[in-house]
Trainee: 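Mind having a look at this structure? Questions to follow.
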Number of protein chains: 2
Amino acid sequence: MAQIITGNSDLIKQVNRSLVLDLIRQRGPISKADVKQITGLNFTTVTNAVKDLISQGLVQEIGYGTSSGGRRPMLLTLNPEARYVIGCHLQSTELIVGLYDLVGRLLYSESHSKLPADTPEMVVDRIRTGMYNLLAKAEVDIKKVEGMGVAAPGPLDAENGVLYTPPNMLGWHNVPLKQMLEQATGVPVFVDKDGNAAAVGEVWFGKGKGVRNLIFIIVDDGIGAGIVVHGQLYRGSNTGAGEIGHITIDLDGPRCSCGNYGCLEAIASGFALVRKAGEAIRRGATSQLTPHLNNITLSQLLTAADAGDKLACDLLEECGRLLGIAIANVVNMYNPELIVLGGKLIQHSPLVFHRAQELAHNRAFSVLAEKVRIIPATLGDKYLLAGAAALVFTHLFRGPMNDLPA
Amino acid sequence: MAQIITGNSDLIKQVNRSLVLDLIRQRGPISKADVKQITGLNFTTVTNAVKDLISQGLVQEIGYGTSSGGRRPMLLTLNPEARYVIGCHLQSTELIVGLYDLVGRLLYSESHSKLPADTPEMVVDRIRTGMYNLLAKAEVDIKKVEGMGVAAPGPLDAENGVLYTPPNMLGWHNVPLKQMLEQATGVPVFVDKDGNAAAVGEVWFGKGKGVRNLIFIIVDDGIGAGIVVHGQLYRGSNTGAGEIGHITIDLDGPRCSCGNYGCLEAIASGFALVRKAGEAIRRGATSQLTPHLNNITLSQLLTAADAGDKLACDLLEECGRLLGIAIANVVNMYNPELIVLGGKLIQHSPLVFHRAQELAHNRAFSVLAEKVRIIPATLGDKYLLAGAAALVFTHLFRGPMNDLPA
DNA sequence: GCATGTTAATATGGGATTTAGAATAAGTGG
DNA sequence: CCACTTATTCTAAATCCCATATTAACATGC
């Protein structure tokens, strides 16, 4: 039994406070009368809850609304400046820190270059100074920072915020990032893998609002996913759910870095495309990538495709096809309402997206395929930074009973 | 927002009552003092809750325990005869009805033959009379029946208890089974697909006790699964989660009944094995199945394998291998703590199970493969009947906050 | 401009439940 | 027989919600 929650007046209070707070957050300017109407709570209860929330600074009265035949209602909204949230997107070569207000607006962000050889201590220090820079710029007191969310490359232990062996970070093994950052900054830190952050971000700020079953698939150098079921982030038993890069699509496919054969990541990821391009050229294919044969990059490949390079286009199309089949598998297993695709390959190549979408719809079990929507990520290039921030919002707004996005 | 739960004294009461009830259920004979200790509730609260539960007949005092240095504790248990539950396993050719007491013991069961051409009305009537037979035999008043759980073949709508188009049931389309049965019997009915029932049964009565993330895979004529995540049954957006029979394993595989190519069900199900056996014999393979060429059954194939028939053994081994690869995919996507395999192929062929187990462990992403346990079903041949009953137990024992199996 | 009705918000008293702490009951061990 | 421990019951106080009455502010029609 994870955590026994007993019923007492405190629980009631928490339940109702968070219910009211979340309603004010979601339904924008709203009167107490409407809150009473929607929740079914007694007016006195609503009044007391709102009084509490106002005294905590979370909610503010913004003036009277229009009358509908009687006394004008006092409208309530979230106070955007009541609390702030730090988002942090950690990659092997870049580090972005952003400051969000309570309604999820990005106020400032800073990008720091990062070398694979940088130590955890150096990175933590850079995040700390980045955070203080942002706070200074926005003139925000650190006391108003509700927490920091970190989107990091997996595999990791989300509960304890420990990075196991992030790719391309030399010497990083079992780094207790959460603990280090909390010590360095003094604010609560929530670490999760990038796929999960992206999923939560989409549910919180994007087209996933109100969606209870959603999967976010990141197609980048590698392939990973974040999964939301029953309106909550699903991490599996060891933060390993969503390793869709390593599902077998092709029984006789090439060997993958994980040791198996025919994994999705081995045939449809950014890395795989680059490898395939090199192989094709060596086999004699003509392509504008030929001069770069020994160090083709994904960006070059995408650029070549934009310019109509046949090899690049074929590779992307095939990538989309394989992705589509994998997505069909995901649909058959999870029967989600929404699948969101993100990552460099999706963002820069409509071809990949459309092919994947088409094949997923064709190949998934028809009843399920009809219902699922498959869309590209809606939060632009900072989707992982927003997702990192959303990790904190989830904790801030969740009560014992209201089931919230992720 | 699905259902707004507000906090009031009634919620408190429900939370604590169900917490105490569930504790008594799980920890067997237990004293109020221990309940207080474990839950952290006040003694008065525990006393009142227990008083309520006793007056409802759900809990009974069974005498004093041994002293540990002070007054002897009065021990509490569930009253097995307080309520009863009907389980019903519906298949195209057979119908089993069983009567379970509150602690999950099967008191009586009846098997009825069923023809594919039987109408829903006939089946409902047979279930009704079956139920009354059982109640008469056990001398149980129908008022004590908490509900009926039905494990049925998918696809179906579990919420409304509607069977869409169950295989091999002629003329069954959108049958509102829940509604029909509730009208016929007067007790609450919970319909779910067989995979889900099996999963819940395993969590409730089998090796899945206390497991929060589990997947039950049924390998029979077809292949399906039931999924438990966060300790709750996961049905997906349209009761379609767990259609693992239709995930693509082999890009260039044979056509499946669903219209795609290389689905697991098309290459590793009972139906597929029978088809493959016929094909192999026609191609000239020698086998003791040859005389039955035009109507080979799965049982014959399994018997042949037991007798050492090379073709049958090879087919089963290949089946296990393919299953193992599919299971590895499931592990990579769900990262469950436990995978349970059931169904005719698993129950009758250790070869299939062991091969599948081995390959799944070899092919899944290593971090996840190390943690997952893969075991055969533990509830014998009535696992689906038990699962059907468990569907009701879930409703009976779940409170607003205690997260229970399924 | 005033009476009437409507909507929003506040104030008051009552009820349900938990909690804390004292009191009681029933043991153990020396 | 006494000191100590454990289990249980009893009583009073606290907290929170709810129902109802009341006040406040506005719209509308005459």
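A, B, ... follow the sequence lines: proteins, then strands. Residue 1 opens every chain.
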Trainee: One thing to verify: whether B:Asp10 and B:Lys13 come together as a salt bridge, which I'm taking to mean a side-chain N less than 4.0 angstrom from a carboxylate O.
Mentor: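 Salt bridge flag = no for B:Asp10 with B:Lys13.
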
Trainee: I want to check one thing: is the phosphate of C:dT17, taken as OP1 and OP2, less than 4.0 Å away from some side-chain N or O of B:Asn48?
Mentor: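 Result: no.
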
Trainee: Figure out the CD/P separation between B:Gln14 and C:dT18, and round it to whole Å.
Mentor: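 Those two atoms, CD and P, are 12 Å apart.
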
Trainee: One character per nucleotide, please: for nucleotides 19-30 of chain D, 5' to 3', B when the base has a protein heavy atom closer than 4.0 Å, S when only the sugar-phosphate does, - otherwise.
Mentor: B----BBBS---

Trainee: Measure across A:Thr6 and B:Leu19 and return the closest heavy-atom pair with its distance rounded to 0.1 Å.
Mentor: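 It is CG2-CD2, 3.8 Å.
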
Trainee: Under 3.5 Å, is there a donor on one side chain and an acceptor on the other for B:Thr378 and B:Glu202?
Mentor: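 There is such a pair (donor and acceptor under 3.5 Å, judged by atom type) between the side chains of B:Thr378 and B:Glu202.
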
Trainee: Considering just the side-chain nitrogens and oxygens of B:Lys32, establish if one lies under 4.0 Å of OP1 or OP2 belonging to D:dA7.
Mentor: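 Checking D:dA7 against B:Lys32, no side-chain N or O comes under 4.0 Å of OP1 or OP2.
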
Trainee: Let me spell it out: for each of A:Ile12 and B:Thr47, pick the nucleotide of DNA chain D with the closest heavy atom. Which residue's pick is nearer the 5' end?
Mentor: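 Result of the comparison: B:Thr47.
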
Trainee: Could you grab the distance from atom OH of A:Tyr84 to atom CG of A:Leu99, nearest 0.5 Å is fine?
Mentor: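 The CG atom of A:Leu99 is 7.5 Å from OH of A:Tyr84, to the nearest 0.5 Å.
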
Trainee: In whole Å, what is the span from the CG atom of B:Leu41 to the P atom of D:dT8?
Mentor: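 One finds 15 Å between P of D:dT8 and CG of B:Leu41, rounded.
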
Trainee: For the side chain of B:Lys13, starting at C-beta, report the closest nucleotide among C:dT17, D:dC17, D:dT9.
Mentor: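 Nearest to the side-chain atoms of B:Lys13, counting from C-beta on, is C:dT17.
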
Trainee: What's the CG-C1' distance between B:Leu19 and C:dT17, to the nearest Å?
Mentor: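 Those two atoms, CG and C1', are 15 Å apart.
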
Trainee: Rounded to whole Å, please give me the gap between CD in B:Gln37 and P in D:dA7.
Mentor: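 After rounding, the gap between these two atoms is 9 Å.
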
Trainee: Roughly, in whole Å, what's the span from CG in A:Asn8 to P in D:dC16?
Mentor: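 Rounded to whole Å, this separation is 10 Å.
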
Trainee: OP1 or OP2 of C:dT18 less than 4.0 angstrom from a side-chain nitrogen or oxygen of B:Ser9, does that happen here?
Mentor: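 Checking C:dT18 against B:Ser9, no side-chain N or O comes under 4.0 Å of OP1 or OP2.
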
Trainee: Hey, what bend do you get for the helix from C:dG1-D:dC30 to C:dG30-D:dC1 if you fit axes on five pairs at each end, rounded to 10°?
Mentor: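 Taking the rotation axis at each end, their angle is 0°.
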
Trainee: How long is the line joining CD1 of A:Ile30 and C1' of C:dT7, in whole Å?
Mentor: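 Atom-to-atom, A:Ile30 to C:dT7, this comes out as 16 Å.
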
Trainee: Tell me every residue that passes ring-ring contact (aromatic ring centres under 6.0 Å, His included) with B:Tyr234, counting only those two or more places apart in sequence or in another chain.
Mentor: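 Testing B:Tyr234 for ring-ring contact (aromatic ring centres under 6.0 Å, His included), a comparison that skips the adjacent residues, returns A:His230.
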
Trainee: Can you pull out every salt bridge (charged side-chain N to carboxylate O under 4.0 Å, His left out) where at least one residue sits in residues 56-66 of chain A? Sequence neighbours excluded, please.
Mentor: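 Qualifying pairs, neighbours excluded: none.
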
Trainee: Could you tell me how far apart B:Lys51 (NZ) and D:dT8 (P) are, to the nearest whole angstrom?
Mentor: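 So the NZ-P distance, B:Lys51 to D:dT8, works out to 13 Å.
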
Trainee: With sequence neighbours excluded, tell me which residues meet ring-ring contact (aromatic ring centres under 6.0 Å, His included) with B:Phe190.
Mentor: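 B:Phe190 satisfies ring-ring contact (aromatic ring centres under 6.0 Å, His included) with B:His395 once adjacent residues are dropped.
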
Trainee: Report yes if a side-chain nitrogen or oxygen of B:Asn16 is closer than 4.0 Å to either non-bridging phosphate oxygen (OP1 or OP2) of C:dT18; otherwise report no.
Mentor: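 Result: yes.
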
Trainee: Hey, can you pull the donor-acceptor pairs under 3.5 Å for the side chains in residues 30-42 of chain A, sequence neighbours left out?
Mentor:
{"from": "A:Ser31", "atom 1": "OG", "to": "A:Ala33", "atom 2": "N", "distance (Å)": "3.4"}
{"from": "A:Ser31", "atom 1": "OG", "to": "A:Asp34", "atom 2": "N", "distance (Å)": "3.1"}
{"from": "A:Thr39", "atom 1": "OG1", "to": "A:Val35", "atom 2": "O", "distance (Å)": "2.7"}
{"from": "A:Thr39", "atom 1": "OG1", "to": "A:Leu41", "atom 2": "N", "distance (Å)": "3.1"}
{"from": "A:Asn42", "atom 1": "OD1", "to": "A:Thr44", "atom 2": "N", "distance (Å)": "2.8"}
{"from": "A:Asn42", "atom 1": "OD1", "to": "A:Thr44", "atom 2": "OG1", "distance (Å)": "3.0"}

Trainee: Hey, what's the ring geometry for A:Phe393 with A:Phe205, parallel, tilted or perpendicular (30° and 60° as the breaks)?
Mentor: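 Plane angle over 60°, so perpendicular.
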
Trainee: Rounded to the nearest Å, what distance is computed from the CZ atom of residue A:Arg17 to the P atom of nucleotide D:dC16?
Mentor: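 That distance rounds to 7 Å.
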
